[in-house]
Amino acid sequence: MPTASTTTLRWSRLLLTGAAGHLGRVLRPRLKACCDVLRLSDVMPLGDAAPGEELVPAALGDKAAVMALCAGVDAIVHLGGVSTEKSWESILDANIAGLLHLYEGARAHGVRRVVFASSNHVTGFYRQDEVVSPRDPVRPDGLYGLSKAFGENLAQLYFDKHGIETVCLRIGTATPTPPDARALATWLSLPDLVRLVTASLTAADVGCTIAWGMSANTRAFWRDDGTWARLGYQPQDNAEAHAAAVQHLLQPEGPQRDLQGGAFLARGPYDPS
Ligand code: 15L
């Protein structure tokens with residue numbers, strides 16, 4: 001059960017999926033502050049368990065393994081699954097079936113909250129000169145973005161039907177520095193990533209909500225609708241500080257330059273008939 005200080009929650013056992021990935025490795029040492037025991041899962045090697053850590057490898061497509069993964073857990077940070085445009089089979093297995101397995105495990109074992117790594121590719125078909133709020137209709141830019149839109153809807157279903165809270169984070173470009181001109185709008189610095197995930201875990205009464213995962217970027221494509229303040233997230237970085245280094249790094253002319261999803265617009269299909 002979570003314990004509450006004056007305004008923030010602390011969890012008994014927190015599960016981090018995708019713990020061996022790029023963002024998982026950033027969050028692994030930081031999430032210990034939010035819980036007593038940190039359970040780490042991935043299909044990739046996780047290294048040795050540090051004090052207060054448990055290692056439970058599991059493939060998201062394996063329902064029995066994912067159900068067992070959720071036993072004894074009271075909150076989940078879900079980074080696992082396919083994180084880019086790929087074949088339908090891999091997306092179906094990890095991001096569609098795998099996410100359903102995770103929410104079923106959460107329901108069966110009384111998990112109270114999920115922080116779900118959604119993606120900006122849920123709205124990648126908006127033009128770069130449009131400003132999008134979390135309440136605007138989704139416009140996925142591929143099967144990956146579509147799977148994240150499914151995840152957001154699944155989170156809503158499990159909140160309405162079973163009371164499991166979820167913060168869906170539509171993460172932008174979470175890298176040490178912005179890699180190109182598009183990222184001047186989409187960048188989420190790694191310290192801001194830690195702030196955002198920590199806020200999503202520790203704020204009281206989050207319900208089921210969607211928040212943009214970005215820093216305080218001057219050129220942002222996205223408008224926060226007040227969710228950041230409700231979570232207590234205050235971004236400290238701004239991609240503009242890196243503008244001189246990357247603003248000339250543009251995608252080729254076409255949808256990948258004009259639309260918010262950038263290079264994802266030029267990827268796939270991976271399952272040509
Ligand atoms: C994502 O959803 C991907 O996981 C990440 O690798 C980046 O490509 C990011 O979006 C982005 O849009 O920059």
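Sequential numbering from 1 along the given sequence is applied to the chain's residues. Remember, it's 1-based here, ligands and their atoms both numbered in the order they're listed.
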Would you tell me whether [X] and [Y] have side-chain atoms, one donor and one acceptor, within less than 3.5 Å of each other?
| X | Y | result |
| --- | --- | --- |
| N238 | T218 | yes |
| D225 | T227 | yes |
| S90 | Y270 | no |

Subset of ligand 1 atoms that lie under 4.0 Å from at least one heavy atom of [X]:
| X | answer |
| --- | --- |
| Y144 | 1 (C), 2 (O), 3 (C), 4 (O) |
| S119 | 1 (C), 2 (O) |
| H121 | 1 (C), 2 (O), 9 (C), 10 (O), 11 (C), 12 (O) |
| F264 | 8 (O) |

Heavy-atom nearest neighbour in the protein, as seen from [atom], with distance rounded to 0.1 Å:
| atom | result |
| --- | --- |
| atom 13 (O) of ligand 1 | T173 OG1, 2.6 Å |
| atom 9 (C) of ligand 1 | G172 O, 3.3 Å |
| atom 4 (O) of ligand 1 | S83 O, 2.6 Å |

Review point. With backbone taken as N, CA, C and O and side chain as the heavy atoms from C-beta onward, which portion of T186 lies under 4.0 Å from ligand 1: side chain, backbone, both, or neither?
Key: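 Under 4.0 Å from ligand 1, T186 contributes no heavy atoms.
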Check your understanding: So is R182 close enough to ligand 1, meaning a heavy atom under 4.0 angstrom away?
Key ->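 Right, R182 reaches ligand 1.
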Check your understanding: Is ligand 1 less than 4.0 angstrom away from at least one heavy atom of N120?
Key ->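 In this structure, N120 qualifies as a contact of ligand 1 - some heavy atom is under 4.0 Å.
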**Study point:** Check: V197 and V77 side chains under 4.5 Å, non-hydrogen atoms
**Key:**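 Sidechains of V197 and V77: in contact.
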Check your understanding: Is D205 paired with R230 through a side-chain N to carboxylate O contact shorter than 4.0 Å?
Key ->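 Result for this pair is no, no salt bridge flagged.
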Point to revise | Matching residue for T173 among T186, N120, N217 - test: side chain to side chain donor-acceptor pair (under 3.5 Å) | key: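 That would be T186.
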Point to revise | Exercise: identify the closest heavy-atom pair between D136 and V131 | key: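 In terms of heavy atoms, the two residues are closest at OD2-O, 4.1 Å.
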